[in-house]
Amino acid sequence: MHFLRLLPFAALWIYTIAARAAEPGFAGDWETTYGHMELKVEGTNVKGTYQVPGGPPNDIRGTVDGLKWTFTYTEPNVEGEGSFTLAKDGQSFTGQWREKGTVQWQPWAGRRAVAVVRNFSGVWKTTFGMMRLVEKDASVTGCYSYGGQSEVSGKTEGGALKFTYTETTGDKGSGEFKLGGDGETFTGTWKTTDGKQGGQWEGTRVKPMAGRTWLVVLEAHWESGLQQPEYSYGDMLRHFFSRVPSVEVRHRYFDGKEDFAKWCEELPYLNEPAVFYVSSHGTEKGITVGKEVLSGDFIGSRLRFAPEVKLVHLGACLTMSGGAPAALRKASGLNMPVSGFTKVADWAGSAVIDFSYLDLVLSRKMPPGEAVRQIKSSVAFAGEGETPGMAIRPAGLKIVE
């Protein structure tokens, strides 16, 4: 009888031991902000190496308490300390580090290395330039950088992709890629439609860097003559986000549709989440630069092969007051939010709004819709309504999701 009473307690004890044994730990391979990391766990001790792309393996070791690992690291010319906190599902961690003798902490995040990918989706470095492929069911579409933005499409069967291609010169052809056993490479062949030219075509998968986010700023020149001083939102944003190492800012100028399209050709090859910010004048029809109008259809068509663009912000007057945002989303085929202004925005006011908004999205990882709500509730001139005596006129910040 006493034995039977002890059975529930024994079962609970066995379950507890099993649950502890099944708890996720830091052991394994990780893709992190600072490269690939391999870790081993012995009791409460964790040690291993991490390798910044292009650099040598670096030593990292420390002790773990629950889900928190406190460590020291050693690189060829520097050493430091930090800590990681493991997510409850054991698939990612967040943390911080600092160099020995410094005060400022910097972010360091990671996620478990992805198992073998048995499809063609992703970014590839190939014989004919960078390539972005998107595989859905058995269909594959994408682009590659040879001669601009050439396009490719086809069907997969048994680890092979049979495709056709069209280059910016008008040249066309077909070919076949065969995925390697590790899912990280492909080999293949191509030939022109007339069969007179052809050859080998190989590729290596480009892995995304954990924790990285892009802010891509395309900006029109504001100055119309030598008498006007230079002014740039992009320069200010680049300096503003220099304090956030996980955010990579790329700022480029455009003077018309041709420039704009040229810079957009590189967006498909960004392998991490990106915010696309367009800074110029605008109307309800779209972005204006000189005498040209960049419509929502045009902008969206430039983003068709850029699935990592998670937000488009139109930093221009009136662009959210017409059909441009909906046209942009439709032409891109991407389900990303589009934000901007419904009114003629004040220079200083729009800078305050944009900097605060992008900071919430990029630094604080807030969803864009919530970030817009927060800004409109915090900054009086961000909304639609005008208050008597308001020095800065309302900008009408809006988002379409």
Side-chain angles (χ1 to χ4, degrees), residues 148-149 214-243 247-267 274-303 309 311-325 327-328 331 338-359 362 375 379 381-382 384 386 390-398:
Q149 191 177 77
W214 296 90
L215 171 59
V216 178
V217 182
L218 293 192
E219 183 171 15
H221 289 284
W222 302 99
E223 310 83 20
S224 58
L226 289 176
Q227 298 300 320
Q228 293 181 318
E230 294 181 7
Y231 184 87
S232 172
Y233 277 109
D235 281 344
M236 292 189 293
L237 283 166
R238 181 165 48 81
H239 290 293
F240 180 77
F241 280 105
S242 64
R243 78 193 202 287
V247 177
E248 291 282 346
V249 181
R250 294 295 182 269
H251 172 222
R252 301 293 185 267
Y253 289 103
F254 68 98
D255 293 306
K257 286 185 175 181
E258 187 176 344
D259 287 340
F260 188 91
K262 179 190 71 173
W263 293 121
C264 287
E265 287 175 359
E266 298 186 40
L267 292 175
V275 172
F276 184 47
Y277 175 98
V278 184
S279 182
S280 183
H281 294 295
T283 71
E284 68 280 355
K285 295 180 180 180
I287 295 292
T288 60
V289 52
K291 296 182 179 180
E292 293 185 296
V293 176
L294 279 59
S295 67
D297 285 328
F298 174 78
I299 297 172
S301 68
R302 300 299 93 195
L303 304 177
V309 173
L311 168 66
V312 175
H313 183 61
L314 304 176
C317 303
L318 302 170
T319 49
M320 299 298 290
S321 61
L328 190 160
V338 178
S339 57
F341 304 115
T342 62
K343 295 180 175 293
V344 176
D346 180 88
W347 284 88
S350 62
V352 170
I353 294 168
D354 285 352
F355 279 54
S356 302
Y357 173 49
L358 293 173
D359 185 65
L362 293 168
I375 295 299
V379 182
F381 52 79
E384 298 279 347
E386 189 163 354
M390 181 183 290
I392 298 178
R393 58 182 177 269
L397 179 64
K398 179 181 177 180

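Since this is a predicted model, take the numbers as computed values, not measurements.
Residues forming a side-chain contact (heavy atoms from CB on, under 4.5 Å) with Ala261 (at least two apart in sequence, or on another chain): Phe298, Arg302.
The CG atom of Asp346 sits 10.5 Å away from the CZ atom of Phe341 when rounded to the nearest 0.5 Å. Here the NZ atom belonging to Lys262 is positioned 14.0 Å from the CD atom belonging to Gln149, to the nearest 0.5 angstrom. Remark: Thr342 OG1 to Leu318 CG distance equals 8.0 Å, nearest 0.5 Å. We find the SG-CD distance between Cys317 and Glu284 to be 11.5 Å, quoted to the nearest 0.5 Å.
Residue pairs that meet the salt bridge (Lys or Arg N to Asp or Glu O under 4.0 Å) test with at least one member in residues 216-238, sequence neighbours left out, are Asp235-Arg238.
Evaluated for a side-chain contact (heavy atoms from CB on, under 4.5 Å) with Leu294, the options Thr288, Thr319, Ile299 yield exactly one hit, Ile299. Checking each of Leu218, Leu311, Val217, Val338 against Phe276 for a side-chain contact (heavy atoms from CB on, under 4.5 Å) leaves exactly one that passes, namely Leu218.
Using cut-offs of 30° and 60° on the angle between ring planes, the pair Tyr233 and Phe355 is tilted.
Taking every heavy atom of both residues into account, Ser280 and Ala316 meet most closely at O-CB, 3.1 Å.
Residues Phe240 and Asp359 have side chains in contact (heavy-atom distance under 4.5 Å, counting atoms from C-beta outward). Residues Leu237 and Asp354 form no side-chain contact, since every pair of their non-hydrogen atoms from C-beta on lies 4.5 Å or further apart. The closest side-chain heavy-atom distance from Leu397 to His313 is below 4.5 Å. A heavy-atom distance below 4.5 Å is not found between the side chains of Glu384 and Pro394. Side-chain contact check for Phe381 versus Ile353: some heavy-atom pair is nearer than 4.5 Å. With a 4.5 Å cut-off on side-chain heavy atoms, Phe254 and Ile287 count as touching.
Checked against the 6.0 Å centroid threshold, Tyr253 and His251 count as a close aromatic pair.
In this structure, Lys285 places its NZ atom where only 12 or fewer heavy-atom neighbours from other residues, nucleotides or ligands lie under 6.0 Å away.
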**Q.** Evaluation steps, side-chain contact (heavy atoms from CB on, under 4.5 Å), between Leu358 and Phe241
**A.** CA-CA 10 Å; Leu358 293 173; Phe241 280 105; 4.0 Å; yes

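Using a 4.0 Å cut-off between charged side-chain N and carboxylate O, Arg393 and Glu386 make no salt bridge.
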